[in-house]
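Notes follow the structure.
Note that the numbering runs from 1 along the sequence shown for the chain.
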Amino acid sequence: MFYALSWFVVFGLLALWSLGAWGFHAVAVWAVTNAGALAGATSGVEALRLPDWLAPWVPPEIAQAMTSLLSGLAPTVEGLIQAMPALAGGLTVATWVIWGLGSALLFLLGTGLHLVIAMWRRRGGGSGPQPRPQVAA
């Protein structure tokens with residue numbers, strides 16, 4: 001009975017692991033393939049500025065340096081966002097590899113539980129039939 005229970009838990013965990021990997025893959029591929037539509041979103045970097053309540057606490061040199069840094073990084077970020085749809089195939093391979101490693105670890109867990117239960121039953125911890133005491137006549 002313990003064997004069936006342990007393998008039931010392992011297969012349940014495998015089902016949850018597979019469902020999680022499938023859901024992550026679906027959301028990640030959707031986000032990566034639609035990232036090209038966000039390419040125009042980085043054009044507003046030049047309009048970024050500190051909030052009015054924070055401006056008195058930040059030296060103007062640091063604020064100007066951060067603004068110039070952001071405006072310098074805008075073309076790089078835009079290029080990366082435009083290249084994102086090409087990464088969808090690699091994301092699929094990475095998801096399958098991670099799913100396979102996790103599944104192998106779950107099967108190793110099941111095998112380990114199976115061996116632990118077998119050792120426990122061999123040492124007399126099992127609930128098998130007990131020998132009947134002999135009555136002297």
Side-chain angles (χ1 to χ4, degrees):
M1 179 68 180
F2 288 120
Y3 293 117
L5 185 61
S6 70
W7 281 108
F8 179 75
V9 168
V10 168
F11 285 127
L13 288 172
L14 180 65
L16 286 174
W17 174 248
S18 299
L19 183 65
W22 172 75
F24 169 77
H25 177 263
V27 169
V29 167
W30 174 81
V32 167
T33 54
N34 290 326
L38 300 175
T42 59
S43 62
V45 171
E46 294 82 16
L48 288 178
R49 61 181 191 91
L50 286 175
D52 293 334
W53 62 270
L54 187 60
W57 297 94
V58 177
E61 296 85 21
I62 293 178
Q64 186 179 8
M66 293 306 288
T67 304
S68 66
L69 177 72
L70 285 175
S71 65
L73 286 177
T76 305
V77 171
E78 189 168 340
L80 286 173
I81 289 176
Q82 288 175 349
M84 283 283 192
L87 298 175
L91 185 64
T92 301
V93 172
T95 303
W96 274 106
V97 167
I98 292 171
W99 177 84
L101 290 173
S103 298
L105 287 174
L106 284 172
F107 279 117
L108 285 175
L109 172 72
T111 304
L113 284 173
H114 192 94
L115 292 174
V116 165
I117 292 169
M119 288 173 36
W120 178 65
R121 289 189 65 153
R122 236 182 245 146
R123 293 198 183 263
S127 59
Q130 302 295 327
R132 295 164 70 182
Q134 298 291 331
V135 178

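To the nearest 0.5 Å, atoms CG (Leu13) and OG (Ser18) are separated by 10.5 Å.
Across all non-hydrogen atoms, the minimal contact from Thr111 to Trp7 is N-CH2, 3.7 Å. Across all non-hydrogen atoms, the minimal contact from Trp17 to Ile98 is CZ2-O, 3.4 Å.
Dense packing is recorded around OH of Tyr3, with more than 12 heavy atoms of other residues, nucleotides or ligands lying under 6.0 Å away.
The hydrophobic clustering, which links ILVMFWY residues whose side-chain heavy atoms are closer than 4.5 Å, places Trp53 and Ile62 together. Phe24 and Trp22 are members of different hydrophobic clusters when ILVMFWY side chains are connected at heavy-atom separations under 4.5 Å. Hydrophobic clustering, with ILVMFWY side chains joined whenever heavy atoms are under 4.5 angstrom apart, keeps Leu109 apart from Val116. The hydrophobic cluster containing Leu106 does not contain Leu16, counting ILVMFWY residues as joined when their side-chain heavy atoms lie under 4.5 angstrom apart, directly or transitively.
Residues satisfying the side-chain contact (heavy atoms from CB on, under 4.5 Å) test with Leu91, not counting sequence neighbours, are Ala28, Val29, Val32, Thr95. Taking Val27 as the reference, nothing meets the side-chain contact (heavy atoms from CB on, under 4.5 Å) condition, with sequence neighbours excluded.
Contacts classified as ring pair (Phe, Tyr, Trp, His ring centres under 6.0 Å) and involving residues 74-96 (residues at least two apart or in different chains) are given here: Trp96-Trp99.
A heavy-atom distance below 4.5 Å is found between the side chains of Phe107 and Leu14.
A donor and an acceptor atom, one from each side chain of Ser6 and His114, are nowhere located under 3.5 Å apart.
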